[in-house]
Amino acid sequence: EPADGVVRELLEETGLAIELHGFLGMWVDRYGDGADALFTLNLYYLASADAGEPVAQDDVVDLQWFLPDEVPTELAFPHLHSVIDAWRQGMGVD
């Protein structure tokens, strides 16, 4: 199940055990540049950290917490701006 994968991957990549609270949405993007860039299907869930110490593992460059109005504008993939907007709207933050 996708939700089980989220819990497992977050633990492996950040050291955090999480509790899922809902599904935020699904976005399509591309991985790479150019005509041969692969399409990706990206699923996002709302969650809270229940246990563990946040530590960036080998797949993670950096690990930080941000308040809704302090999320950096430079993000790894173009669709992440839409994800952040949906998250802020769900929290009542514009």
Side-chain angles (χ1 to χ4, degrees):
E1 292 293 323
D4 295 337
V6 169
V7 172
R8 181 185 64 249
E9 288 297 312
L10 260 288
L11 182 60
E12 287 177 9
E13 295 179 14
T14 68
L16 295 172
I18 62 167
E19 178 182 348
L20 297 181
H21 300 290
F23 184 66
L24 180 62
M26 175 175 45
W27 283 262
V28 174
D29 205 341
R30 298 191 79 167
Y31 187 77
D33 295 320
D36 61 342
L38 300 174
F39 283 95
T40 62
L41 180 62
N42 306 276
L43 307 176
Y44 290 88
Y45 291 83
L46 301 169
S48 59
D50 285 349
E53 290 297 320
V55 176
Q57 302 299 326
D58 62 346
D59 288 355
V60 179
V61 174
D62 194 11
L63 182 59
Q64 296 181 42
W65 296 109
F66 296 98
L67 295 172
D69 59 346
E70 295 177 352
V71 175
T73 56
E74 187 176 326
L75 301 170
F77 300 102
H79 80 276
L80 290 176
H81 294 281
S82 297
V83 175
I84 298 297
D85 288 345
W87 173 64
R88 285 180 174 144
Q89 289 174 4
M91 294 180 57
V93 178
D94 291 334

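Side chains included, hydrogens not; waters and symmetry mates left out as well; all remaining heavy atoms used.
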Hphob cluster co-occupancy, [X] + [Y], side-chain heavy atoms under 4.5 angstrom:
{"X": "M26", "Y": "L10", "answer": "yes"}
{"X": "L24", "Y": "L75", "answer": "yes"}
{"X": "W27", "Y": "Y31", "answer": "yes"}
{"X": "L46", "Y": "L11", "answer": "no"}

> Is there a side-chain contact (heavy atoms from CB on, under 4.5 Å) between W87 and V71 once you walk through the steps?
Replying inline: CA-CA 11 Å; W87 173 64; V71 175; 4.1 Å; yes

> Can you say whether the rings of H79 and Y44 are parallel (under 30°), tilted (30 to 60°) or perpendicular (over 60°)?
Replying inline: tilted

Nearest heavy-atom pair of [X] and [Y]: which atoms, and what distance?
{"X": "A3", "Y": "L20", "value": "CB-CD1, 3.5 Å"}
{"X": "A37", "Y": "G32", "value": "CB-O, 3.4 Å"}
{"X": "P54", "Y": "L16", "value": "N-CD2, 3.7 Å"}
{"X": "R30", "Y": "A35", "value": "NH2-O, 3.3 Å"}
{"X": "T14", "Y": "Q57", "value": "N-CG, 4.1 Å"}

>> Return the CG to CG distance between D85 and L80, rounded to the nearest 0.5 Å.
In response: 11.0 Å

> What's the spacing between L43 CG and L41 CG if we round to 0.5 Å?
Replying inline: 5.0 Å

>> Could you check whether any side-chain N or O of R88 sits under 3.5 Å from a backbone N or O of D69, counting only pairs where one atom can act as donor and the other as acceptor?
In response: no

> Under the 3.5 angstrom rule, does the side chain of D50 hit a backbone N or O of A17 as a donor-acceptor pair?
Replying inline: no

> Partners of D33 by side-chain hydrogen bond (donor to acceptor under 3.5 Å, both in side chains), sequence neighbours excluded?
Replying inline: none

> Given the rule in the side-chain contact (heavy atoms from CB on, under 4.5 Å) test, do N42 and V83 qualify, once you have shown the distances and angles that lead to the verdict?
Replying inline: CA-CA 10 Å; N42 306 276; V83 175; over 6 Å; no

> Would I18 and V6 count as a side-chain contact (heavy atoms from CB on, under 4.5 Å) if you check the C-alpha gap in whole Å, the side-chain angles of each, and the deciding distance to 0.1 Å?
Replying inline: CA-CA 9 Å; I18 62 167; V6 169; 3.9 Å; yes

